[in-house]
Amino acid sequence: MSPVRFAFARPTLGSEEATAVQAVIESGWVTQGPKVAEFERALADYCGAAHGVATSSCTTALHLALIWSGVGAGDEVIVPSMSMIATANAVVHAGATPVFAEVDPLTFNLDPADVHRRITPRTRAILFADQLGLPADIDGLSAIAKDAGLRLVEDAACAIGSSYRGQRIGTHCEVVCFSFHPRKVITTGDGGMITTSSVEAAERLRRLRHHGMTVSDVERHASTKFTRESYDEVGYNYRMTDVQAAIGVEQVRRLPSILAERRRLAVIYDAALADHHRVHTPLVPTGVEWNVQTYAVRIDGIDANERDHIIQDMLDAGIPTRPGVMTAHREPAYAHRGDITSLPVSERASDTSLALPLHASMNADDCALTVDALMTALDRVV
Ligand SMILES: Cc1ncc(COP(=O)(O)O)c(C=O)c1O
């Protein structure tokens, strides 16, 4: 058994982030304050969105976005099962029921036709993910939401830097939620952001993330007049810290070069796997620009067990990989629900996908080693 030759994922961080964090520490203001506001402005500007509301994670961003969308007890929200379980969990956190819909097996994104079939009188919203950073069929989902009078919430946890129909992700829905977990394209350690074009949404979301408080710490600090705050609804502590936001500001500056590097590595993988009859490289639909957040291949003629053998075999050769995308409905947290039927397309897509290592610390030789190890492992399971 060899040690891993390189990491599966690794954030791109450097002395700029370290210096920015040191400055925050020396400033004495470490929780949500001026740096969070600066990061919000920088990210919203990057996306072309009017407002950004930073949160402690994408999961908490999704929770707030659902509350803002009016989702609550007794409602159903249509979500992909084939997504990180946080997508479905956010619906439960909002007191509603996730209704799982199928995905397109080639893109792993929600299938609008299946979403349409699952609408009931209790459906309040559609929460879709841009899986692995690849924008979903936003036009198709928007048309369904509009027709049925449903709110549309975008789980863009993985999609910072991707574009749909020439516009960066962050502007296509009323509320769009990003993640800055270290496996994402840019990171703040942990963290999230909601972008929105609505000033009312931004203001309410800012209150909700800070216990429902009507006056922010920055406003209070800057004011020479005593202002007593009020708490008009029950809020949460979903704040990001200024320490995290300082990293975020530097990460937004780095984003173009990080994207260029990820796309360069994806081209190397694409070329190396192009002619393989059983391994399919990620499909990028027309009108979509992909940030290559996770490079997952689809493998014909295997089952989940064989895919897991490939992962172990590659790990034994020192190459770390991961299963492509999980399904939430088969996890004990949801499987106990009597009403969830099988989702054959999602299950098959999940069981036969494999994410390859990809990050800026890798080079072309690392990609070649990964492809060689995949070929060897694949030959062994057939
Ligand atoms: C599609 C999707 N949604 C939500 C999340 C949750 O993000 P966070 O860890 O920032 O809460 C993830 C994280 O992997 C994700 O991939």
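Below, all heavy atoms of this structure are taken into account, side chains as well, without hydrogens, waters or symmetry copies. Every number for a ligand or one of its atoms is a count from 1 in the order of the listing. On a predicted model such as this, the values are computed, not experimentally measured, just so you know.
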- prompt: Short list, please: which atoms of ligand 1 are under 4.0 Å from a heavy atom of S57?
  reply: 10 (O), 11 (O)
A136 to A129 - nearest heavy-atom pair and separation: CB-O, 3.7 Å
- request: Run the numbers for me: atoms of ligand 1, each under 4.0 Å from some heavy atom of S179, listed by number.
  value: 7 (O), 8 (P), 10 (O)
- prompt: Got the closest protein heavy atom to atom 7 (O) of ligand 1, with its distance?
  reply: C58 CB, 3.3 Å
- request: Examine H329 together with Y334 and report whether their ring centres are nearer than 6.0 Å.
  value: no
- prompt: If you draw a 6.0 Å radius around CG in N237, do more than 12 non-hydrogen atoms from other residues or ligands fall strictly inside?
  reply: yes
field: Proximity of R183 to ligand 1 by residue part, where a heavy atom lies under 4.0 Å
entry: neither
- request: Consider every N or O of H181 and every N or O of ligand 1, then say whether any pair is closer than 3.5 Å.
  value: no
- prompt: Between Q312 and D316, is any side-chain donor less than 3.5 angstrom from a side-chain acceptor?
  reply: yes
field: Test of ring centre spacing under 6.0 Å for H63 and Y238
entry: yes
task: Pick one of side chain, backbone, both or neither for how T59 approaches ligand 1, counting any non-hydrogen atom pair under 4.0 Å.
output: both
message: Below 4.0 Å from ligand 1: does a non-hydrogen atom of S83 turn up there or not?
response: yes
message: So if I count the atoms of ligand 1 from 1 in the order they appear, which ones are less than 4.0 Å from some heavy atom of A86?
response: 4 (C), 5 (C), 6 (C)
- request: Give yes if a backbone or side-chain nitrogen or oxygen of A129 is under 3.5 Å from a nitrogen or oxygen of ligand 1, and no if not.
  value: no
task: Determine, stepwise, if the pair R330 / D351 fulfils salt bridge (Lys or Arg N to Asp or Glu O under 4.0 Å).
output: CA-CA 12 Å; R330 292 186 290 181; D351 292 349; 2.9 Å; yes
field: Criterion salt bridge (Lys or Arg N to Asp or Glu O under 4.0 Å) on E38 and K35, from CA distance to verdict
entry: CA-CA 5 Å; E38 188 183 337; K35 269 289 163 187; 3.0 Å; yes
- line: Closest to atom 3 (N) of ligand 1 by heavy-atom distance, out of I85, T187, D155, is D155
message: Within ligand 1, which atoms have a heavy atom of C158 less than 4.0 Å away?
response: 16 (O)
message: Tell me whether the NZ or CZ atom of R262 lies within the 45° cone about the ring axis of W290 and under 6.0 Å from its centre.
response: no
- prompt: Would you say K184 has any N or O atom under 3.5 Å from an N or O of ligand 1, going by distance alone?
  reply: yes
